[in-house]
Amino acid sequence: MLSFTRPLARMAGLVQLRSASTAANAAKPTYTAPASVIVPTQFKPNTKGQGLMQLISKEETKRLGADGRSKLFNKSHQDCLRPGDVVLVETLNSMSTDKTSTFIGVLIAMDRRGLHSNFTVRNVVLKVGVEMKYMLYSPLIKAVRVMKKGEGFRRAKLFYLRDNPGRAFRLEGLVRQDKAEQAKKAVKA
């Protein structure tokens, strides 16, 4: 019986030590930011670092999606992009110049991954299939416009259009129509 009483006595001593250490932790002061640091009132600072990257990515998507890009990838929004939509993407050639290039095509794939969301647009140019993959929150993207809503597509990835492009790639009329609409807006302004 003596063999059982010693470990019990030891465990009782440990319990007392543990309770003393938690009492010491409770007496520690709470974290307050220095006066030189401006802490936003939207969230409480997380001193342990748990969920810090999620918080940073949420703030970045909010900042970069201020021009309405995030609505394009929000499934609950009525104007969101869907595979099969005809999309016109206007990009800056470089950050130092205002020269832009446009690419129009059928949206064949999209990945919703927060800050790393991207989409793939495909078109046939001079009888050669061309695909462009764009990062949604890239600073080089100037505008993304939906030219025509896709109809009759029931897949999330439309990679089968690579083999049968005739179904979706009659886009010349849409380009002319968009240029005419832009000219009308310029005349009104």
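Numbers for residues simply follow the sequence, beginning at 1.
Between Phe103 and Leu88 the shortest side-chain heavy-atom distance does not fall below 4.5 Å. In this structure the side chain of Val89 never reaches within 4.5 angstrom of the side chain of Met132, judged on heavy atoms. Between Val146 and Leu81, some side-chain heavy-atom pair lies under the 4.5 Å cut-off. Between Asp163 and Leu161, every side-chain heavy-atom pair lies at or beyond the 4.5 Å cut-off. The closest side-chain heavy-atom distance from Tyr134 to Leu136 is not below 4.5 Å. Between Leu64 and Leu115, the closest side-chain pair of non-hydrogen atoms falls below 4.5 Å. The shortest distance between side-chain heavy atoms of Ile104 and Val86 falls below 4.5 Å. Within the 4.5 Å cutoff, the side chain of Ile108 has no heavy atoms near those of the Pro83 side chain.
Judged as a salt bridge (Lys or Arg N to Asp or Glu O under 4.0 Å), the pairs with a partner in residues 126-137 (not counting sequence neighbours) are, in order, Arg122-Glu131, Glu131-Arg162.
Closest heavy-atom contact between Gly84 and Phe153: CA-CD1, 3.5 Å. Heavy-atom minimum distance, Asn123 versus Gly105: CB-CA, 4.1 Å. For Asn93 against Thr100, the heavy-atom pair with the smallest separation is OD1-C, 3.9 Å. The heavy-atom pair separating Ser70 from Gly65 by the smallest distance is OG-O, 3.6 Å. Nearest heavy atoms, Cys80 versus Lys75: SG-O, 4.1 Å.
Atom CE of Met135 and atom CZ of Arg113 lie 6.5 Å apart (nearest 0.5 Å). To the nearest 0.5 angstrom, Arg145 atom CZ is 8.5 Å from Glu181 atom CD. Here the OG-NZ distance, from Ser76 to Lys71, works out to 11.0 Å after rounding to the nearest 0.5 Å. Here NZ of Lys185 is found 9.0 Å from NZ of Lys188. Values are rounded to the nearest 0.5 Å. The structure places CE of Met110 at 11.0 Å from CG of Leu158, a figure rounded to the nearest 0.5 Å. To the nearest 0.5 Å, atom CE of residue Met95 and atom CG of residue Leu140 are 6.0 Å apart.
Ser117 contributes a side-chain N or O that, together with a main-chain N or O of Gly114, makes up a donor-acceptor pair within less than 3.5 Å. Side-chain N or O atoms of Arg112 include none that pairs as donor or acceptor with a backbone N or O of Asn74 at under 3.5 Å. Here the side chain of Asp111 pairs no donor or acceptor atom with the backbone of Asn118 at under 3.5 angstrom.
Transitive grouping of hydrophobic side chains (ILVMFWY, heavy atoms separated by less than 4.5 Å) keeps Tyr137 and Leu55 in distinct clusters. Residues Leu107 and Phe73 share a single hydrophobic cluster, defined by chaining ILVMFWY side chains whose heavy atoms lie under 4.5 Å apart. Under a hydrophobic clustering in which Ile, Leu, Val, Met, Phe, Trp and Tyr are joined whenever their side-chain heavy atoms come within less than 4.5 Å, directly or via other members, Val124 and Leu126 fall into different clusters.
Around NZ of Lys149, the count of heavy atoms belonging to other residues, nucleotides or ligands within 6.0 Å exceeds 12. The 12-atom threshold is not exceeded at CZ of Arg155, counting heavy atoms of other residues, nucleotides or ligands nearer than 6.0 Å. Heavy-atom neighbours of His77 NE2 from other residues, nucleotides or ligands within 6.0 Å: above the threshold of 12.
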Q: Show your reasoning for whether salt bridge (Lys or Arg N to Asp or Glu O under 4.0 Å) applies to Arg63 and Glu60.
A: CA-CA 5 Å; Arg63 184 179 67 83; Glu60 279 295 304; 2.8 Å; yes
